[in-house]
Amino acid sequence: MKIVVAIGGSILLKEYDHAKFQEYSEILKSLSKEHELFVVVGGGRPARDYISMVRNLGAGEAQCDDIGIEVTRINARILLSALGDYAYQRIPHNFQEAAEYSAYGKIIVMGGTEPAHSTDAVSAILAEYVNADKLINLTSVDGMFDKDPNKYEDAELIKEITPDEMIELVSGKETKAGTYEIFDMTAIQMIKRSSLETIIANGFEPENLEKAINGEDIGTKIIQ
Ligand code: UTP
């Protein structure tokens, strides 16, 4: 299968060390023997820290987004270091480059592309662009909840959701640099229009990636 995997920066950089990069690199190497993989990594805490520095210096939101994008690309480079020869050692800056580099048959790793969305949107656009079979979004919670599970104890995990239901859940949420919600609107719109099979799962356990690929019942499935 051709699979796009989005790994949140909040997963990779929670402990601020190399451990999660290493764990993911082992799993990705093994999966790449059977599947064609495109990996999109997020910015995490360093992106938010850097964005806040430039915002305090008076930068506008698009410039803040640009700083966030640079950080996602540094994170992508760290994952490339771990993957070594299994990955194509250049980071695509746009979807055309991602498709082009994939011709070498190696794992493709990228970060952000342009301002005004998150890496979730990048992964959804990329999945459409390369005509992926599946999009797997690995995030810091178990999937999509009816309300923010970090704020509400009684938040319930949604096992299946349509893009329209997601749009209703996320509309009205903040869209400032560094603060895009669990799934931004662009990502949902893309998943809707390309009828993309998508799974949102907890990325703190990297084996969830394998489970999601194998169709096991984890996280939230976006159904059309
Ligand atoms: P993300 O918000 O996607 O990374 O990118 P994250 O921190 O990994 O997200 P989660 O919370 O763990 O899922 C960091 C910031 O970089 C900018 C945005 O400001 C975003 O908030 N960015 C990223 C863009 O403007 N465009 C992109 O294509 C990607």
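Sequential numbering from 1 along the given sequence is applied to the chain's residues. For ligands, and for the atoms within them, numbers begin at 1 and follow the listed sequence. This structure is a prediction, so every number in the text was calculated from the model and none was measured.
Cluster membership check: Tyr129 shares its hydrophobic cluster with Val4, using side-chain heavy-atom separations under 4.5 Å among Ile, Leu, Val, Met, Phe, Trp and Tyr. In this structure, Ile69 is not a member of the same hydrophobic cluster as Ile108, with clusters built from ILVMFWY side-chain heavy atoms closer than 4.5 Å. Hydrophobic clustering, with ILVMFWY side chains joined whenever heavy atoms are under 4.5 angstrom apart, groups Leu37 together with Leu126.
Among the atoms of Asp66, none of the N or O lies under 3.5 angstrom from an N or O of ligand 1. Annotation: Gly112 places no N or O atom under 3.5 Å from an N or O atom of ligand 1; distance criterion only. Where the criterion is an N or O separation shorter than 3.5 Å, residue side chain and backbone included, Ala47 fails it with respect to ligand 1.
The pair Lys147-Glu156 fails the salt-bridge criterion, with no side-chain N (NZ, NE, NH1 or NH2) lying under 4.0 Å from an Asp/Glu carboxylate O. We find that Glu160 and Lys221 are not joined by a salt bridge, their nearest charged nitrogen and carboxylate oxygen being 4.0 Å or further apart. With respect to the salt-bridge test (charged N to carboxylate O, under 4.0 angstrom), the residues Lys211 and Asp217 do not qualify.
At least one heavy atom of Ala116 sits closer than 4.0 Å to an atom of ligand 1. Remark: distances from the non-hydrogen atoms of Thr139 to ligand 1 are all 4.0 Å or more.
Around atom CG of Asn214, more than 12 heavy atoms belonging to other residues, nucleotides or ligands sit under 6.0 Å away.
In the vicinity of Glu114, heavy-atom distances shorter than 4.0 Å reach the ligand 1 atoms 24 (C), 25 (O), 26 (N), 27 (C), 28 (O). Listed by atom number, the atoms of ligand 1 under 4.0 Å from Arg48 heavy atoms are 7 (O), 11 (O). Close approach to Ile51 involves these atoms of ligand 1, each under 4.0 Å from a residue heavy atom: 19 (O). Close approach to Gly9 involves these atoms of ligand 1, each under 4.0 Å from a residue heavy atom: 6 (P), 8 (O), 12 (O). Taking a cut-off of under 4.0 Å to the non-hydrogen atoms of Val122, the atoms of ligand 1 that pass are 28 (O). Listed by atom number, the atoms of ligand 1 under 4.0 Å from Gly8 heavy atoms are 8 (O), 12 (O). Within ligand 1, the atoms closer than 4.0 Å to a non-hydrogen atom of Pro115 are 25 (O), numbered from 1 in the order shown.
Judged by the 6.0 Å and 45° rule, Lys14 forms a cation-pi pair with Phe204.
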